[in-house]
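Hydrogens, waters and symmetry mates are skipped; everything else that's a heavy atom, side chains included, is used. Numbers restart at 1 for each chain; the letters A, B, ... are given by sequence-line order, proteins then strands.
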Amino acid sequence: MKILVVCGSGLGSSFLIEMNIKKILQELGIEAEVDHADLGSAKGSGADILVGTRDIAMQLYEIGREVVSLDNMIDTESMKAKLVEAIEKLKKK
Amino acid sequence: MSFFKFLMNDILSQPAVLVGLMALIGLVAQKKPTEQVISGTVKTIIGFLILSGGANIVVGSLNYFGTMFQKGFNITGVVPNNEAIVALAIQKIGSQTALIMACGMLVNILIARFTRYKYIWLTGHHTFYMACMLAAILLAAGFEGFSLVLAGSILLGITMVVFPALAHPIMRQITGSDEVAFAHFGTVGYVLSGYIGKYFGDKSKTTEEIKMPKGLTFLRDNTVAIGVTMAIVYIITALFAGKSYVEQELSGGMNYIIFAIMQALTFSAGVYVILAGVRMILGEIVPAFRGIALKIVPDAKPALDCPVVYPYAPTAVLIGFIMSFIAGIVGMFILIAMKATVIIPGVVPHFFCGATAGVFGNATGGLRGAVLGAFAHGLLITFLPVWLMPVLGDLGFANTTFSDADFTVTGIITGNVARYFGSTGIFILIVLLLIILFVPTFMKKEGKNVQVRG
């Protein structure tokens, strides 16, 4: 499973979210490849789950992958819940 | 002796190897498995080489732009872009930049550990850019070797704490929490916007009550945004430079408009490559820094990149961008009228920084605060680079420069102190700044004691 975190230039906020997601996955004992990138690179990345803050996520849906839209970059609890939900959905497919 | 020579000439003067070494130390310190240590170190070194490749793409396109602008308007035109200027600078001052970055991060940890300012700066690419800017300024002021790295790293560590501290009072209003701090080197502009909002704004009507068209959100895609806006700028410049000049002197016969578009898109391509390089350089260094810093400073406040505030006021983000960009265009015409170096409004700084200024202005002064604050911010980042360029040394003659407010403010202050008071001036400045950081910490402790006694 590949998770890609996306932000405007793919340097700062996506990287910080990536570090938090890695920590969450470790706690849950889930193995996944997590990376970060800019909006322009998201389409060709082949990731199973795309993660972004609400404003970025709006533009991720058209790619046709599972999308996690975060209302807030720093709330790791809701990040965890949304991530688990996306992973469950992915398993059912 | 020959080993020492090898160490100095072939290791410490090779910036790519230096950043690789930083990653290596970080990975080993975190006790990562061997295969991760190897892959992380190699990726970091390759990241640096990618960065240099991107610089070569950008520099060609910028040179054509500079020549056309000079011919068309008879003045120098500059496109502020952090990525481009850093990639150019790194060719010559890469080692100094890498050393200042590594030691500067340690200074950040030390200041956070021993003062009441617990900020840990996690926006790694801005650490890198600030290290580069300080290296350029100090080199132009005559610093070299050990004293350059010493002064540069202490100054870098100070900026990594001072700017989050300046932003924090408004940051608390935005997020409603004390936990998260703000790390983006545009703080002076955001705080200015916040103050304008406070004194001239009207909190009763916020930006979030109005609806904005979603059409502009495609500009969040950096590559597209730079490509489209630069194409417009290059086409206008080519029109003024003239068809015959461009086709005879520059394009080798290619139609001048097509040539302008291709060069503008080449600029965007170069920035994309540079960003990929920066991402790879930071891939191992930032998590290592975060891990080590949070261990040493248990009550640390992680300071995060500017998009952290966007979800709190998405409409202010768009209004901020538009107002800042309009101010950039107004500022450009003022500079043309003054026959000064012309700063072309870059879409990236106006988007990221303008948007943030909008959120800060909205937090203190609602819609009016966001509009006025972001407009002031746009003027600020148009005029500041003009004053920065003379103290940048050789780098001041490039057709690009640092864009965000804290780079320019820090550069103008340290550059002019160095110019008028020499290296003594720089060290006095450092001591003063450290006193400002340390003194309130101890006063606070005494204050607590008094309270206990009372």
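- In terms of heavy-atom pairs under 4.5 Å with chain A, the best-connected choice from B:V309, B:V348, B:L304 is B:L304.
- Contact count versus chain A (heavy atoms, under 4.5 Å) is highest, among B:A276, B:P287, B:P302, B:C306, for B:P287.
- Listed for the A:R54 side chain is no donor-acceptor partner under 3.5 Å among the backbone atoms of B:Y310.
- Heavy-atom distances place both the backbone and the side chain of A:D38 under 4.5 Å from chain B.
- Taking each heavy atom of B:D305 and A:S13 in turn, the nearest pair found is OD2-N, 3.6 Å.
- Neither the backbone nor the side chain of A:I17 comes within contact range of chain B; no heavy atoms are under 4.5 Å apart.
- Contacts between B:E179 and chain A at a heavy-atom distance below 4.5 Å are absent for every atom of the residue.
- When each of A:K22, A:H36, A:E18 is checked for heavy-atom pairs under 4.5 Å with chain B, A:H36 comes out on top.
- Scanning both residues, A:F15 and B:V286, for their nearest heavy atoms gives CE2-CB, 3.6 Å.
- At a 4.5 Å heavy-atom cutoff, the contact between A:I74 and chain B is made by side-chain atoms alone.
- Of the listed residues A:G12, A:A37, A:A42, the one with more heavy-atom pairs under 4.5 angstrom with chain B than any other is A:G12.
- Contact annotation for B:V180: only side-chain heavy atoms (C-beta onward) come within less than 4.5 Å of a heavy atom of chain A.
- No other option in A:S9, A:S14, A:S41 has as many heavy-atom pairs under 4.5 Å with chain B as A:S9.
- In terms of heavy-atom pairs under 4.5 angstrom with chain A, the leader among B:P314, B:G283, B:A183 is B:G283.
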Margin query: Set out, in order, the CA-CA distance, both residues' side-chain angles and the distance that settles side-chain contact (heavy atoms from CB on, under 4.5 Å) for A:M19 and B:L122, then state yes or no.
Written below: CA-CA 11 Å; A:M19 288 191 272; B:L122 292 179; 5.6 Å; no
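- Between A:L11 and B:R279, the shortest heavy-atom contact is CD2-N, 3.9 Å.
- Both the backbone and the side chain of B:P307 come within contact range of chain A, each with at least one heavy atom under 4.5 Å from a heavy atom of that chain.
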